[in-house]
Amino acid sequence: MVEHFPSNSIKRKCFTRTVFPTLSILIHHEQISNHIIIRQHVKHDPNVLRILKVETYLQSGYATQGHSVEYNASYAYHFLFAYFDRDKKDLPSKSSFLQLRDRFFKESSDEERDHAEKLMKYQNTRGGRVRLQSIVTPLTEFDHPEKGDALYAMELALALEKLVNEKLHNLHAGCGTLIRCCSRKRPEGRKHRGVARLSCTSRDLDLTRLPFPPQALAAAAVLGLLGGLLLYMLPRKRGVDAGEVQDLRNKAPRPAQDQGKDDPAHMAARAPEIDEDLHSRQLAVYGRETMKRLFGSNVLVSGLQGLGAEIAKNLVLAGVKSVTLHDDGEVDLWDLSSNFFLSEKDVGQNRAQACVPKLQELNNAVIISTITGDLTKEQLSNFQAVVFTDISIEKAVEFDDYCHSHQPPIAFIKSEVRGLFGSVFCDFGPEFTVLDVDGEEPHTGIVASISNDNPALVSCVDDERLEFQDGDLVIFSEVHGMTELNDGIPRKIKSARPYSFTLEEDTTSYGTYIRGGIVTQVKPPKVLKFRTLKEAIKEPGEFLMSDFSKFDRPPLLHLAFQALDKFRTELLRFPIAGSADDAQKLIDFAISINESLGESKLEEIDKKLLQHFASGSRAVLNPMAAMFGGIVGQEVVKACSGKFHPLYQFFYFDSVESLPVEPLEASDLKLENSRYDAQISVFGAKLQKKLEQSKIFMVGSGALGCEFLKNLALMGISCSENGKLTVTDDDVIEKSNLSRQFLFRDWNIGQPKSTVAATAAMAINPKLHVEALQNRASPETENVFNDAFWESLDVVVNALDNVTARMYIDSRCVYFQKPLLESGTLGAKCNTQMVIPHLTENYGASRDPPEKQAPMCTVHSFPHNIDHCLTWARSEFEGLLEKTPTEVNAFLSNPSGYATAARTAGDAQARDQLERVIECLDRDKCETFQDCITWARLKFEDYFANRVKQLTFTFPEDAMTSSGAPFWSAPKRFPRPLEFSSADPSHLNFLLAASILRAETFGIPTPDWAKNPKKLSEAVDKVIVPDFQPKQGVKIETDEKATNLSSASVDDAAVIEELIAKLEAISKTLPSGFHMNPIQFEKDDDTNFHMDLIAGFANMRARNYSIPEVDKLKAKFIAGRIIPAIATSTAMATGLVCLELYKVLAGGHKVEDYRNTFANLAIPLFSMAEPVPPKTIKHQDMSWTVWDRWTITDNLTLRELLEWLKEKGLNAYSISCGTSLLYNSMFPRHKERLDKKVVDVAREVAKVEVPSYRRHLDVVVACEDDDDNDVDIPLVSIYFR
């Protein structure tokens, strides 16, 4: 059916793209059901009338996803407006084109954006999440089913670039002319997918014959032509000129005039804005300036086996500007054991190209391109850093020499993973400046006194230990008396101690110190002079050590990698796994190279180690690739940003202890033509079978969990019918997860982490047998994770982010005697701990000291740093907007019960709580938005003026303590009240955030004018602020040990009765159904005004006390308690854990074979050591550890249990179950229980009902020996069923 209709009756709902061989046309269309009907109407010519049915993404309703289409259209129009505006000097000076530019494109962009915003508002009101997505996959001559949208769009843009330049003026002039389609011929028979394609003739495109306005059709043609480019460019937050993309593909040398643009300062200046919601955890590690430098960096990764893939993944997640993948090899089965971007259907394809689609999914803001042919050194000039993972030493020397001498120098990194051995070499140029050596915040101290001596002694308050070291540079500020030190000149310190240090300066002629002063560490830049690979390979100097039990290993591995390179160069292959002849050839090469070193040669060569090296040299193991991918990825970040100290210059590592204890036979190394052949060539088929049949419990599926799932899938863990991987996590995916938790995509936001991660892992290895649960592993879920579940496990892997959960899992593993592989990260730091039954101590055997908490009085009245201000701000936010509204609702839902609870408590806290509820419903009740503004303005006056006036009235600036010392001495800072000014943006922003959130708690809509500073200021000026008079006798808590600021009173009960009566009277005046809306703090939504209010609270308070203020991002880190996190340290930690997993599943390893690790990629530091054995307790001829549990298979009475222990020389005096005491020899009445079954006593006294799935009861017994010495015995389990 064909409909005729005038142009003004067409209601545009969205665009769809129909693509000619090289020309995309955007056509107006309407939505009918789940399809789009496209109508082209040419007057008086029925032959060209047609209806085309095109699949659309709008499957769930226009209101749900139509905003995606509207936004895309808006972006497209705005791009065209900017495009014409930029090139207006080349356009014909006709008014029609000015109209096209200024009216059609600009107005259409605004209109489409307005539509999108209304749809978004409707969707948010209706509920649910909004997902922006592309309209349709662009189709090109490069069509391939495995390519992603971004690659399609890039290739389309590149193919059309020449056509755009040639035809642009024709299109501009085409308002009444013919547009002809000039296209390359497409091979016949080639099918297109997704959307119908049309043949194109000049008559089809005669714009004068179509009912649409000529300007609209011209615009549609131009939009279509640039559509692919727009789809690729517009979702990004950085501008990438098409010429730059072309340069990347052609790899032409950069012009000399452009070379200066690659310095870090220039890159940071031209970098785009940072998506703080996405990169918040990474920003907490790097900071804005480093991130901006990263966003301007182009990186080459050569060699896309497992190591190259891991490096590329980490760089794309970090957000560099572009990553170019180079590899001229094809995918084979060996790659599937380490490269998670590949699958069996990629076998035979180019390795680099096969990685692009899935790599691009990780971050659409990164340009990803490929080079599949030979690489020349001139092409390296397009990059700030180049990484090679599979290159000969000869070629590496050539490339490194070019990078080293290039201006500016190009950072060169060479890294290899060969079986259980790995290496890294870095050369960042003749002079490389490290801007921040360790990434730590500068240390500070509060000055208590400074002597007039030579050298001067500086003492600091004992509030916190000083972290200064001899030789550090420091500056002074706010020093009263000895003002000469406030000149900002860095001074060197010596004799650094916990609370004092000396200055290398004569202060005898300076003024006498009176009070005050802050001393702050200065971190000067450091310049490193790297040597080329050609120089360093002959004289490597000191190696970066990782394991001091292998002190002599790095020099030998330095020889081994050179010998392998010579083997491959001469024989054009790797040594064959298990081949004694090939191993001997490699050993001979190593001996030959060693002899050529003269005096530097090694005295002894470990031939057995070289045999292991040769046998597994072809294999790229996933755990090794993950570990080195993290290390090398971090080195690239350092090279591009100057953040953190680079690796200087060689690093070697091996994990030969991961090999099975029993020697491997050649037959066990026979390959099976499977995806696990690389792993079999190192560990043998027997261990591979154990891996596949293993039963693993992984707790957590966040950043660590994603890395673990990827590793386990590639290793073949639980990939047989007898194997099973159980993963549990009760969390859901948030936007901030996407910068590290790479198994998630933006369309997964709001979905369960465990389910999505498990599904993604099965896509990596379809044979993975995994079950995803959403249960938190805790005492409450022991019916899910019951005894049978725990007893079936081989290993437990922790991927947790809190100590409480770790402690619980540790206790379960100890109880059921299961190995626990523990790891954690904090920014660039990571650690791993192996908990092996009967061999090592458990996780809970050692605890970190608790973090020091600031005293309550300091936070509330005497802050001296921004952390104190932000802690107070978070507390006030929760009290005003969450706790008080919650209390109001609790009262309104059950007035009598609430009153009874208050009377029962009868303390100062209950009194204060009632007062806050009454204040909220009476004096501070809001009915209009103006009321909310009034409330916010009065709160400002109360917090930042009146309270300060009261404090300084109670404790004047010259106040003295009872001991005669000045009250306002360090670390206290004397405050000054603020005077509100509507001309101060920070004051107005605080009021805006406070008013909006107050209105939200009362269900009051925010008017549009509220966000207009002028109108808001006018509303604020209407508020009448009463004068403040300080009160006599106000008690302000100054005791640092106080835990409650509420002062108790003898008549609290009477006051509470009065308050209850008043509250009940107020409730009668409230409208029916009245309730409040408590607000829970959410740090990761920048549109909800939560962080605006908290930052405002903190900065106004900081201004009171002359404390440096912070921006909203820094406030979010502190108040939101954001844990800094980056992908590189996470990858390294999981790689190290999986190397230990080989040992656990193989069995038979001694404690000295295992390794615990602490690493700091920022320094860099790698510290590996054997785990600590468990503490052994001895009694008579018995000994036990925490891993032991005594079991009794009989339904004993208490008396029989005492006798059973007596036979072991132990006198039991107390028996308990849970928190209940079953028996104690001191209580005569307990003797009546002696002849009762222990289980029955537990039921009667402890109210314990043993679940049906459990066959035993656990009791804790306290014992003494015959000499009355306490003896800690294991847990006693009585199996009564």
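Note: hydrogens, waters and symmetry copies are ignored here, and every other heavy atom, side chains too, is used.
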Q: Start with the C-alpha gap between D472 and K523, add the side-chain angles, then the distance that decides, and say whether salt bridge (Lys or Arg N to Asp or Glu O under 4.0 Å) holds.
A: CA-CA 8 Å; D472 280 354; K523 300 173 68 176; over 6 Å; no

Q.
For a salt bridge (Lys or Arg N to Asp or Glu O under 4.0 Å) check, start with the C-alpha distance between R288 and E276, then their side-chain angles and the critical distance, and finish with the verdict.
A. CA-CA 10 Å; R288 277 199 179 92; E276 294 181 0; 2.5 Å; yes

Q) salt bridge (Lys or Arg N to Asp or Glu O under 4.0 Å) between K939 and E876: does it pass, once the steps are laid out? A) CA-CA 11 Å; K939 281 295 179 186; E876 292 299 317; over 6 Å; no

Q | Trace of the side-chain contact (heavy atoms from CB on, under 4.5 Å) decision for L283 with L1113 | A | CA-CA 9 Å; L283 276 164; L1113 181 65; 3.9 Å; yes

Q: Please report the C-alpha distance between V474 and T520 in whole Å, then the side-chain angles of each, then the deciding distance to 0.1 Å, and finally whether the side-chain contact (heavy atoms from CB on, under 4.5 Å) criterion is met.
A: CA-CA 5 Å; V474 298; T520 305; over 6 Å; no

Q) Given the rule in the side-chain contact (heavy atoms from CB on, under 4.5 Å) test, do M807 and V803 qualify, once you have shown the distances and angles that lead to the verdict? A) CA-CA 6 Å; M807 292 293 291; V803 173; 3.9 Å; yes

Q.
Could you go through E878 and R874, starting from their C-alpha distance and side-chain angles, then the distance that decides it, and tell me whether this counts as salt bridge (Lys or Arg N to Asp or Glu O under 4.0 Å)?
A. CA-CA 6 Å; E878 292 174 346; R874 172 80 182 266; 2.7 Å; yes

Q: Tell me, with the steps shown, if I518 and R973 meet side-chain contact (heavy atoms from CB on, under 4.5 Å).
A: CA-CA 11 Å; I518 304 293; R973 302 171 71 91; 3.9 Å; yes

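Residues V1110 and N1099 share a closest heavy-atom pair of O-ND2, 2.8 Å. The two residues V285 and G827 come nearest to each other via the heavy atoms CG2-CA, 3.7 Å. Nearest heavy-atom pair, N1156 versus P1171, reported as atom, atom and distance to 0.1 Å: ND2-CA, 3.5 Å. When every heavy atom of F501 is checked against every heavy atom of C460, the shortest pair comes out as CE2-SG, 4.3 Å. Contact detail for A828 and I1126: the closest heavy-atom pair is CA-CD1, 3.9 Å. The shortest non-hydrogen separation linking R1155 to T832 is O-OG1, 4.2 Å.
With hydrogens and angles ignored, the 3.5 Å screen pairs a side-chain donor or acceptor of D810 with a backbone N or O of Y843. Distance alone, capped at 3.5 Å, is enough to place a donor-acceptor pair between the S811 side chain and the Y808 backbone. The backbone N or O of D277 lies less than 3.5 Å from no partner atom in the side chain of D1084, so there is not a single donor-acceptor pair. In this structure a side-chain-to-backbone donor-acceptor pair under 3.5 Å is present from N486 to V479. Checking side-chain atoms of Y1105 against main-chain N and O of S861 turns up a donor-acceptor pair under 3.5 Å. Judged by distance alone, the side chain of D942 and the main-chain N or O of L938 form no donor-acceptor pair under 3.5 Å. T952 contributes a side-chain N or O that, together with a main-chain N or O of K949, makes up a donor-acceptor pair within less than 3.5 Å. No donor-acceptor pair under 3.5 Å is formed between the side chain of D1092 and the backbone N or O of N989. A donor-acceptor contact shorter than 3.5 Å links the side chain of T502 to the backbone of K494. Between the side chain of H1090 and the backbone N or O of E1082, at least one donor-acceptor pair lies under 3.5 Å.
Side chains of Y648 and E542: no donor on one and acceptor on the other come within 3.5 Å. Remark: the S986 side chain and the R1103 side chain contain an N/O donor-acceptor pair separated by less than 3.5 Å. Looking only at atom types and distance, the side chain of E822 has a donor-acceptor partner in the side chain of N798 under 3.5 Å away. Of the N and O atoms on the side chains of T954 and Q950, at least one donor lies less than 3.5 Å from an acceptor on the other residue.
Between the NZ atom in K1112 and the CG atom in D1086 there is a gap of 4.5 Å [rounded to 0.5 Å]. To the nearest 0.5 Å, atom OG1 of residue T961 and atom CZ of residue F955 are 11.0 Å apart. For the atom pair Q634 CD and L647 CG, the distance stands at 11.0 Å (nearest 0.5 Å). A distance of 7.5 Å separates CG of L466 from OG of S500, quoted to the nearest 0.5 Å. Expressed to the nearest 0.5 Å, how far OG1 of T433 lies from CG of L528 amounts to 8.5 Å. The CZ atom of F944 sits 9.0 Å away from atom CZ of R947, with the distance rounded to the nearest 0.5 Å.
Between T858 and H864, the closest side-chain pair of non-hydrogen atoms falls below 4.5 Å. Using a 4.5 Å heavy-atom cutoff, the side chains of Q282 and R740 are not in contact. Within the 4.5 Å cutoff, no side-chain heavy atoms of V522 are placed close to those of R491. Taking 4.5 Å as the limit, every side-chain heavy atom of V1186 sits out of range of all side-chain heavy atoms of K1175. Here the side chains of Y499 and S459 are not in contact, with every heavy-atom distance at 4.5 Å or above. Side chains of I1122 and R281 form a contact here, defined as non-hydrogen atoms less than 4.5 Å apart. Side-chain contact between L1161 and I631 is present, with at least one heavy-atom pair separated by less than 4.5 Å. Taking the side chain as every heavy atom from C-beta outward, F644 and I1163 never approach each other to under 4.5 Å.
Judged by a 6.0 Å distance limit and a 45° cone about the ring axis, K972 is positioned over the six-membered ring of F967. A cation-pi geometry, defined here as NZ or CZ lying under 6.0 Å from the six-membered ring centre and within 45° of its normal, holds between R1101 and W872.
More than 12 heavy atoms of other residues, nucleotides or ligands shown are found within 6.0 angstrom of CG on D470. No more than 12 heavy-atom neighbours from other residues, nucleotides or ligands sit within 6.0 angstrom of CD on Q469.
With F877 as the partner, the ring pair (Phe, Tyr, Trp, His ring centres under 6.0 Å) test is satisfied by one option alone out of F1089, F1081, F1097: F1081. A side-chain hydrogen bond (donor to acceptor under 3.5 Å, both in side chains) with D436 is found for one member of K638, K643, H645 and no other, namely K643.
A ring-centre distance under 6.0 Å is found for H987 and F940.
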